[in-house]
Amino acid sequence: MGRPRATRLRRALLDWYAENKRDLPWRRTHDPYAVWLSEVMLQQTRVDTVVPYYARFLRAFPTVHALAEATEGDVLALWSGLGYYRRARLLHEGARHVARVCGGAFPADAAGLRTIPGIGPYTAGAVASIAFGKPAPLVDGNVARVLARLFAIEDDVRGAAGLARVWALAGELVDEGAPGEWNQALMELGAMVCTPRAPRCSACPAHTSCDARAKGLQGSLPILRAKARPKAEARVAVVATRGDLVLLARRKSSLRFGGMWEPPGAEGTDPGVLGDLAGVSLARLREIGSVVHVLSHRRLEVMVYAAHLARAPRPAIDAAEYDLRALVRPSELGAHGLSTLARKILARANVA
DNA sequence: AACACGGGGTA
DNA sequence: TACCCAGTGTT
């Protein structure tokens, strides 16, 4: 890339960003902990979704030390509904890593940050540049798309070769004087102007130096490979009640929804397994109806049953998917980490 | 390199 | 419906 072009691009985009950036909560701080939290929450998640979670989480755990001393259950409860729950467990683990291994202070460069659990190449670049002002590049979905267009990259920018090109370009382009602003400007452009479909080139501060636009390719770049469709998975689950209490089980941490609580269930269509999961024989299992829940790679169809528990089951449980059980008052569900699927199942049975 | 991992907004 | 979002870790 020519130096004049890079200089022109930096100035155009930084000026545009200064004028047009959204006022987002995490743009009001340089606290590495707060920046880190925002970056983790924003992984594969939209800004509008994150805003309320970010505020609640920071209020509950204002410092990395507060987070390090929290229980995993409390962390997951605050993450409930946000998805990709492993992020929350890694964040918690990362906080303990900073407190223990790093002596309570965040490493101030990308290489050091990269050693923290849950911090990959993107987040390391983000925290290094935004919180510490280091000239570290970053590539997220926005940056990959923007650079693929600006430089007419026809490789699949999610494949190894295309990603390598994009990272190399991002590295050449980082503004040494304002790396955090530059990285955010690139992402903001991708979010607001250089959008996946129907990019608003007439509003783009860089449209005069966009190779894709010059070639008429702005609508067909970046080139993407199709994603696999979610595979269907049948499940059964039981909403077992005892008085006004409802039975929840905690999922093993290595599984999807790891560490989260839900009405116990199992893969398959046989409700016969539900008695063991509930801890007592379930004489009268009522079929309530099904709930469909789509993840990025799975389409879960859960047949929901209801039952009354004759007695309280033991908390210990030896099952494929669960390691703990508890009877919970519906008004106290908020203290547990429930996935959105778990909430749908409870709602289907008119609990909560 | 491919896959697992949530949930929701947009066209 | 299809796409994809301020990605990371595992296989």
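Here the structure is a predicted model, which means the values were calculated and not measured. Values below: all heavy atoms of this structure, side chains included; hydrogens, waters and symmetry mates excluded.
As rounded to the nearest Å, B/dC3 and C/dC3 have P atoms that lie 16 Å from one another. C/dA6 and B/dA4 have their P atoms separated by 24 Å, given to the nearest Å. Look at the P atom in both B/dG8 and C/dT8: the space between them is 22 Å, to the nearest Å.
Taking atom NZ of A/K231 as the reference point, atom C1' of B/dC3 lies 8 Å away to the nearest angstrom. Here the P atom of nucleotide B/dG9 and the CG atom of A/L42 are 15 Å apart, to the nearest Å. The distance from atom CZ of A/R298 to atom P of B/dG7 is 15 Å, rounded to the nearest whole Å. Summarising the geometry, the separation between CG on A/L113 and P on C/dG7 is reported as 17 Å, rounded to the nearest angstrom. A straight line from CZ of A/R235 to C1' of B/dG6 spans 15 Å, rounded to a whole angstrom. If you measure from atom CD of A/Q44 to atom C1' of C/dT8, you get 9 Å, rounded to the nearest angstrom. Between the NZ atom of A/K227 and the P atom of B/dC5 there is a distance of 15 Å, rounded to whole Å. A/D48 places its CG atom 9 Å from the C1' atom of B/dG9, with the value rounded to the nearest Å.
When atom types are taken as modelled, the side chain of A/R251 and the backbone of A/E262 share no donor-acceptor pair closer than 3.5 angstrom. Judged by distance alone, with hydrogens and angles left aside, the side-chain atoms of A/E188 form a donor-acceptor pair with the main-chain N or O of A/R22 at under 3.5 Å.
A sub-4.0 Å separation between OP1 or OP2 of B/dG7 and a side-chain N or O of A/H293 is present. Phosphate contact (OP1/OP2 of C/dT8, side-chain N/O of A/T123, threshold under 4.0 Å): present. Residue A/H297 places none of its side-chain N or O atoms closer than 4.0 Å to OP1 or OP2 of B/dA4. An OP1 or OP2 oxygen of C/dG7 is reached within less than 4.0 angstrom by no side-chain nitrogen or oxygen of A/R86. Neither OP1 nor OP2 of C/dA6 sits under 4.0 Å from any side-chain N or O of A/Q43. The phosphate of B/dG6 has neither OP1 nor OP2 within less than 4.0 Å of any side-chain N or O from A/S296.
The residue A/G159 sits apart from the nucleic acid: no heavy atom pair falls under 4.0 Å. Within 4.0 Å (heavy atoms only), A/S339 reaches sugar-phosphate atoms of the nucleic acid but no base atom. When heavy atoms are screened at a 4.0 angstrom cut-off, A/W36 is found touching no nucleic acid atom at all. Residue-level contact check: A/R158 touches the backbone only, with heavy atoms under 4.0 Å from sugar-phosphate atoms and none from bases. Among the protein residues, A/L300 comes within range of no part of the nucleic acid, since none of its heavy atoms lies under 4.0 Å from any strand. In this structure, A/L82 reaches the bases: a heavy-atom distance under 4.0 Å links it to at least one base atom across the strands shown. Residue contacts shown for A/A160 are limited to sugar-phosphate atoms, with no base heavy atom under 4.0 Å away. Within the 4.0 angstrom heavy-atom criterion, no nucleotide atom of any strand lies near A/R89.
Between the side chain of A/R46 and the base of C/dC4, a donor-acceptor pair under 3.5 Å is found. Residue-to-nucleotide contacts include a donor-acceptor pair under 3.5 Å from the side chain of A/T45 to the base of B/dG6. Counting atom types as modelled, A/Y84 pairs a side-chain N or O with a base atom of B/dG6 as donor and acceptor under 3.5 Å.
Looking at A/L247 and A/P313, their side chains come closer than 4.5 Å, going by heavy atoms from C-beta outward.
For A/F257, whose side chain is taken as the heavy atoms from C-beta onward, the closest listed nucleotide among B/dA1, C/dG7, B/dG7 is B/dG7. Taking the side chain of A/L295 as heavy atoms from C-beta on, and the options B/dG7, B/dA4, C/dA2, the nearest nucleotide is B/dG7. Set against C/dA6, C/dG7, B/dG6, the side chain of A/Y85 has B/dG6 as its closest nucleotide.
Comparing A/D140 and A/R114 against DNA chain C, the residue whose closest nucleotide sits nearer the 5' end is A/D140. Nucleotides of DNA chain C nearest to A/R197 and A/A124 differ in position, and the one nearer the 5' end is that of A/R197. Each of A/A161 and A/R87 has a nearest nucleotide on DNA chain B; the 5'-most of these lies closest to A/A161.
By the 4.0 Å N-to-carboxylate-O rule, A/E233 lies too far from A/K231 to be salt-bridged with it. A salt bridge does not link A/E72 with A/R250: none of the charged nitrogens is closer than 4.0 Å to a carboxylate oxygen.
Checking A/R87 against A/Q43 by side-chain atom types alone, no donor-acceptor pair falls below 3.5 Å. Counting only N and O atoms by type, the side chains of A/S339 and A/R256 include no donor and acceptor under 3.5 Å apart.
Nearest heavy-atom pair, A/V166 versus A/A144, reported as atom, atom and distance to 0.1 Å: CG1-CA, 3.9 Å.
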